[in-house]
Peer 1: 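I am attaching a structure below and will ask some questions about it afterwards.
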Amino acid sequence: MRKIFVFFALAILFFNSVHATLLVTQQPNALYNYGDIVQIPIVLKATTNVYGIVEMSVICNGKETNFYKNGIKLAAGEENKIDAGVILDKQNVGNSSAFCLIKAISGQEYVLTEKFRVSDKINIEMLTNQTEFKPQESVSVEGKATKENGQFADGFVDVTFIPENATENINYKGTINNGFFSVAFTLPENLKAGNYALKIKAYEKDSFNDITNQGSHDFGIRVVQIPTSLELIAESSGINPGDSFKVKAILHDQTGNQIDSTAFISVKDSAGKLRDQGERKTDEFLEVPTKYSEPPAMWSVIATSETMTGEISFKINEKESADIKIVNGTLVMTNTGNVPYNESVLVKIGSETENLGVFLGIDEIKKYSLTAPDGEYKIEVINEGKTQASERAMLTGKVVGVKEASAETFSLTKYPIAWLFVILVLGFMAILILRRNLFARSFSNYSSVPKREKITPRRETSAMKRSGFALKSKNKAELSLSLRGEKQATDVALIRIRNPSEMKNEESAKALQEIIDFAEDNKAVPCISEGYGNIMFILAPVMSKTFKNEKTIIEIGKKAGEILGRYNKLAKEKIDFGISVNSGDMIIRKDGNMMKFMGLGNFVNTSKKVASLSNGEVLLSEDMKNKVISEMNVEKQQRTDANVYTVREPKFKGDASGFIEKFKERMDKGN
């Protein structure tokens, strides 16, 4: 009993002895993320002698968790500074975003901080610019991860790619360092063209391997069609002479689906001679006519489209055929097939029949005289059980018979008046020629003056009539609509001049000549149109001896723009021009200083179209953009008729070893 009394006496003494004021000297921030530490500085000012305990708790969504407890002993007027901190984790805050405050207690005194919010959110900002990719192309997903409190995240990133018709998603993992992440992966080879979403998740973990902060972002990419095969489809594998052969090209992408494009189709006979060619849209038939007498043979069809090539063969069948007619009692047979006609026909005259063996060479015509006792007869010609010709005619003779008629006999007996007229005309012409020769011979005996040769004045061509100048080049290129040569991947810069008729001064000629000289110094060959409306510079491996010509052709285009722009600043009469840079395939044949070429597909037309959209700047076509996108920064331009691009500064792709060595030298000197 005595012990209990002593305990209560001490307790009363203790509570009466705690007389102190609590002050929060610095309020917490308004926002924190999980994992942050909140430091709460508190000053305890004693008004009397203080002996007791100071406690601090964090209160989140109604849940209070103690994180600090310590004893104190202060004399009257003395103060103590306490700087306690609490980790904002799931044990102290909970499992979700919360509003919290800190409570400090000393005896009966307590103080509360202002409320603050604890967030588990991470914001993701994408830094990847490229959104279009090809199958099997590497995709680099780059971004920045920032917690909601404004601090960079340090953790992990998951990139989930969902291919079409796939049973499982494809996951790629990476790390976040100082807020930045980069994850690279390769697209599947047979990925279907279309739009796809990449699901990106950024997160941080605590020491217990639990996720503390996280955020997600969907990033869209587009997979484009790429040609993988060119299929040729014919209506039949063989045709009869005189019929038309129909063939079409179908361009397939990586999944076998059709690509809408154009194909250049050539048809050659068995000797390799070009018989027909044309440009058609894919899945559109090219119709190739043949002559009725075309000999039997195997022909080939070759098509090219989007760097793909396809080839098939078809057969021209043998056709034994003859046209049979009865004309005024004469049987006329004409070989209308492509092989000799060797048949036996039955000629029926009235009730009598005659077997006739007929052999006709290709295109040969034979005529047979039909005879019978005077009278009118029904005449039929039968072959293979079918009536080929039937006619009623008046015949003369002694007996029924069929006899081949010679050309001389037939002609003289049938048309004597016509032959007489022809003989008279030929005789009259012979007399005139004879008299002219006799007169010329007699005149030459008396003439002593030699005959002067007639001089024909030189005609001025349209190019000579141009008022001003002629451009010179070391090598020349010439367009050919039908050409046998080597297929090469070619880069082209084209200057389209919209007002060539206004270029009448010498300075404009110098500007164009300077461009040509610069291009030729860089292995390009100029093709100058009549009137200088289009000047095209062709950079092909056959001239440059390299397959990497993209940078050079762009430099030629930029140089042309600089020269013409400089000219327009000083000239009174401006040159209205546009410049395009394109890439595609050409058939090229080199013949001395002359290079003949033929563009495949819409290569040349696309170059002209892109140049027509330019207002003095250098515009890249879609094909050229795809070739240089990995080495140069390109920017899409707003045009309604086509996708065109301009070049910004090149990306750094060189070797960094030189830079590193210089950096080391500077560091050594500094030490």
Side-chain angles (χ1 to χ4, degrees), residues 33-35 89-90 94-97 118-149 151-229 251-260 306 622 625-626 629-630 634 636 643 651:
N33 266 80
Y34 275 88
D89 54 16
K90 292 184 178 180
N95 293 324
S96 61
S97 297
V118 181
S119 171
D120 62 352
K121 185 177 180 181
I122 295 178
N123 296 315
I124 299 175
E125 178 187 354
M126 296 305 301
L127 302 178
T128 300
N129 295 324
Q130 185 179 355
T131 57
E132 285 191 356
F133 298 91
K134 299 176 182 178
Q136 284 192 302
E137 186 175 357
S138 177
V139 180
S140 179
V141 181
E142 299 178 351
K144 184 169 67 174
T146 308
K147 293 185 287 188
E148 194 173 3
N149 63 5
Q151 297 179 0
F152 288 144
D154 281 288
F156 307 91
V157 60
D158 293 345
V159 178
T160 303
F161 178 64
I162 308 174
E164 188 175 4
N165 300 326
T167 56
E168 295 183 359
N169 300 339
I170 304 176
N171 296 312
Y172 306 94
K173 294 183 177 294
T175 59
I176 306 172
N177 296 305
N178 200 23
F180 292 90
F181 63 85
S182 178
V183 178
F185 62 93
T186 302
L187 293 174
E189 179 181 3
N190 59 347
L191 186 61
K192 183 178 179 181
N195 296 319
Y196 293 87
L198 300 177
K199 294 188 177 297
I200 302 166
K201 180 182 178 182
Y203 55 95
E204 292 181 324
K205 290 185 175 182
D206 58 15
S207 58
F208 299 100
N209 207 32
D210 293 329
I211 294 178
T212 56
N213 300 294
Q214 61 183 335
S216 62
H217 181 79
D218 289 346
F219 179 66
I221 64 171
R222 177 170 179 78
V223 178
V224 298
Q225 286 183 307
I226 59 170
T228 56
S229 64
L251 189 64
H252 296 286
D253 68 1
Q254 62 271 19
T255 56
N257 291 333
Q258 182 175 331
I259 300 177
D260 293 331
E306 303 283 349
E622 185 79 21
K625 182 267 294 184
N626 292 336
I629 187 66
S630 62
V634 298
K636 187 173 183 179
N643 292 331
K651 293 180 181 177

Peer 1: Is there side-chain contact between Q254 and P135, with heavy atoms separated by less than 4.5 Å?
Peer 2: yes
Peer 1: Are the side chains of V141 and I200 in contact, using a 4.5 Å heavy-atom criterion?
Peer 2: yes
Peer 1: Please report the C-alpha distance between Y172 and F161 in whole Å, then the side-chain angles of each, then the deciding distance to 0.1 Å, and finally whether the ring-ring contact (aromatic ring centres under 6.0 Å, His included) criterion is met.
Peer 2: CA-CA 8 Å; Y172 306 94; F161 178 64; 7.6 Å; no
Peer 1: What verdict does the side chain to side chain contact (heavy atoms under 4.5 Å, CB included) test give for K192 and N257, after you've listed the backbone C-alpha separation in whole Å, the side-chain angles of each residue and the deciding distance to 0.1 Å?
Peer 2: CA-CA 9 Å; K192 183 178 179 181; N257 291 333; 3.7 Å; yes
Peer 1: Does the T128 side chain pair with the main chain of Q130, one donor and one acceptor, at a distance under 3.5 Å?
Peer 2: no
Peer 1: Under the side chain to side chain contact (heavy atoms under 4.5 Å, CB included) rule, what do K147 and E204 come out as? Steps first, then yes or no, please.
Peer 2: CA-CA 10 Å; K147 293 185 287 188; E204 292 181 324; 3.3 Å; yes
Peer 1: Let me have the donor-acceptor pairs involving side chains of residues 175-186, under 3.5 Å, with sequence neighbours excluded, atom names and distances please.
Peer 2:
from : atom 1 : to   : atom 2 : distance (Å)
T175 : OG1    : N177 : ND2    : 3.4

Peer 1: Say whether, by atom type as modelled, one donor and one acceptor occur between the side chain of K201 and the main chain of F156 under 3.5 angstrom.
Peer 2: no
Peer 1: State, without any angle test, whether N171 and T160 hold a side-chain donor-acceptor pair at a distance under 3.5 Å.
Peer 2: yes
Peer 1: Name the atoms and distances for all side-chain donor-acceptor pairs under 3.5 Å in residues 219-229, with sequence neighbours left out.
Peer 2:
from : atom 1 : to   : atom 2 : distance (Å)
R222 : NH1    : N195 : OD1    : 3.2
Q225 : NE2    : D253 : OD2    : 3.0
Q225 : NE2    : Q258 : O      : 3.3
T228 : OG1    : H252 : O      : 3.4
T228 : OG1    : D253 : O      : 2.7

Peer 1: Taking only residues two or more places apart in sequence or in another chain, which ones pass side chain to side chain donor-acceptor pair (under 3.5 Å) with N33?
Peer 2: N213
Peer 1: With a 3.5 Å cut-off and no angle check, do the side chains of D120 and S97 form a donor-acceptor pair?
Peer 2: yes
Peer 1: So, do V139 and L187 sit near enough that their side-chain heavy atoms are less than 4.5 Å apart?
Peer 2: yes
Peer 1: Less than 4.0 angstrom from a charged side-chain N to a carboxylate O is my criterion; do D158 and K173 meet it?
Peer 2: yes
Peer 1: Evaluate whether atom NZ of K90 has more than 12 neighbouring non-hydrogen atoms of other residues, nucleotides or ligands under 6.0 angstrom away.
Peer 2: yes
